[in-house]
Amino acid sequence: MAKEVDIAVVGAGPAGLMAAIEGARAGAKVLVVDENSSPGGQLFKQIHKFFGSREHRAGIRGFSIGEELLDEAQKLGVEISLDTICWGIFPGPELALLRNDTDFTCRAERIIIATGASENALAFPGWTLPGVMGAGAAQTMINVHRVLPGQKVLMVGSGNVGLIVTYQLLQAGARVAMIVEAMLEIGGYGVHAGKIRRAGVPIRTRHTIISCQGENSVTSATIGRLDEKGQVISGSEETLDVDMVCLAVGLTPMAELLFTLKADFKYVPALGGQLPCHDEDMETSIEGIYVAGDVAGVEEASTAMEEGCLAGLACAESLGLLDSLQAGAEKQKVKKRLQALRSGPFGEHRQDAKEILTREGLIK
Amino acid sequence: MKKQAEVVIIGGGVVGCAVAYNLASMGCKDVVLLEKNYLSSGATGRCGAGIRQQWGTEMNCKLAKASMEMFENLEQILAYEGEIELKQGGYLILAYKEQEVKQFQKNIELQNSLGIESELLTPEEAKEIVPHLNTKGLLAASYCARDGHANPFEVTRAYAQAAQSLGVEINTFTECKDIIIEKGKITEVVTDKGSIKTKTVINAAGGYSDLIGDMVGLKLPVYSERHQIMVTEPVNSFQTPMVISFYYNFYCQQVPHGSFIMGQGDPNEPKGHNIGHSWQFLQELSKKINHVLPPLGQLRIVRQWSGLYNITPDAQPIICQAEEIPGFYMAIGFSGHGFMIAPMTGKVLAEMILGKNLSMPLDKLDLGRFDRGELIPEPSVV
């Protein structure tokens, strides 16, 4: 079975769905594949309201955004193929796909890779004990599967993921003993940190996890204070009575497909590590292959959606479905919105990092 | 990098490194080896890694037998601290056509006369050696228990380290850009890191040997062709020999750590330097393997890659000095079986360059044979 589409999108998260919507709106035949059984990427576990300006869907909860996107995509005739793994992209370009043990291919004029990112792990004595998990995994368990994986939690990392998941664990009925943060300052937004502090959860900066203990699962965790060199100060160790340790220590873009395509990469630690270079239209160093969302630099759902929008518009334009005047104006609007999202004390460094990436991406 | 050298070798594959070691061990230590990438980055590190002695021409049988004897003792010869992972689990070559059986009988006769202990097996005997073999349609199999495979990265590294300890300079990530000839003689090799004055150059550039030939104005009768390989997840050891079939056109071995490595030839593959890969290859080969070695269909493929065969009109290498350009030697066109005969090739070529008595005459493998029409076609190539 071989399919043929105008635009194939890998990943049905916020970036991929937006890209598909923009492509389909312009008249392209679009296929979205996702290896998961349900679409939406991480959106359906986001039970909190997004904030920012109204055009960024502020005030709407993540899962509602997911529903809106899915609804829109379906109305526009986007085909979404779930449980479908894209295991390779071959000359053509042709996507090699696997669904229910059946392999098939799809030739696509344009490909948008929106595979997202995966959670980083942290290795310490006891890190393989049941009870140690990524914060994102804990969030999926409580918000999607409605299972509370532990009663007393130590959260490692105070970025937005660590802060939001802490709050949602509290809402789900767990007790969060503490958040430890190796850096000098809290990583996430003040508004999230404020809620946590008001709920009585201590946040210890310049602290980290040293080990966790337990026979069959976690029964306690030991933390310690770090000196200026990042070494644990001896005597500062403290053991907490917890049965769960959540790791919220960053994300790494899932760029394997682009590695195998030998796309140009650049190391940009501020955005998650090795990242595919791309131009302002989200096109990578390989003609016809675009990126959007966390795979092009770990940011947020709001930026992912805008990048998806941009990639979708750019693909439609390059396919001749939009005239360049119309597409140019639309893209300009998206770029402005992206710039707004990447401003202020939490966004500026991402804008700078993105510029390194796009500058490199422009050298073709 | 040295500014001048007695010999400059182009290519850091197993052949280049073996020649480098042999030159140095015979006293010629002023040798520089150039590799545009890293050692084994070309066909050597991408090959199927088999070592077989069951060939159809006397030359190949002798080269392979002598090379196998060297492989068996290579770690000692080269004082290598690692392991070359030699596994002598045999080669089982399947015959599905009467014509194949006849050819194998002829080959075995030749092999036995040269001291290679090969034999023709019935399908039942073959199944005893490979219990999971589907014998449907199988007429016979040629088998030599002393064949096997080794790790090409380790072998190349063993040669390279031994060469370096004798004084050879190895420059990786150094690309040969040009070879300067004045009055018919080589004077200099130009690289992207500077030039080296020399009178002797060895073309051991594998899949890219034609490009090196162009630099001295020689149109070498070789071309490159992509061959793809895939590897499975590792499982407990259950297949002893390398299984190959000319009829189905595949080979398949289980390496010591448990992975199965397999490849096939594609009659429709265009000539060229493409080393990309295709899903069609995975599908085609999976079907064949699933038919001939059914339990392997349960295994997951973890990776695929490809490399270049450097092919001559008779599928035999060219190992000689160019008549027109004194000092320009070549060991090229191995047509997919360079790794297994590299030890002997390296030795004889070094002897040739240093004007010593040759351990084995290789005059039939000269460049001139194609003009003279004296081709020596090898009947047994995948």
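Naming: A, B, ... by sequence-line order, numbering from 1 per chain. None of these values were measured; they are calculated from a predicted model.
Contact between A:Phe90 and B:Gln304 at its shortest, heavy atoms only, is CZ-OE1, 3.5 Å.
By the ring-ring contact (aromatic ring centres under 6.0 Å, His included) test, A:Tyr290 is found to be paired with no residue, residues two or more places apart in sequence or in another chain being considered. For B:Glu269, the side-chain hydrogen bond (donor to acceptor under 3.5 Å, both in side chains) criterion is met by B:Arg226, not counting sequence neighbours.
Side-chain contact check for A:Trp87 versus B:Ile301: every heavy-atom pair is 4.5 Å or farther apart.
With a 6.0 Å radius and a threshold of 12 heavy atoms from other residues, nucleotides or ligands, B:Tyr247 has its OH atom at or below the threshold. The environment of CD in B:Glu233 is crowded: more than 12 heavy-atom neighbours from other residues, nucleotides or ligands sit within 6.0 Å.
Considering A:Thr105, A:Leu97, A:Ile89 as possible partners of B:Trp279, the one that fulfils the side-chain contact (heavy atoms from CB on, under 4.5 Å) test is A:Thr105.
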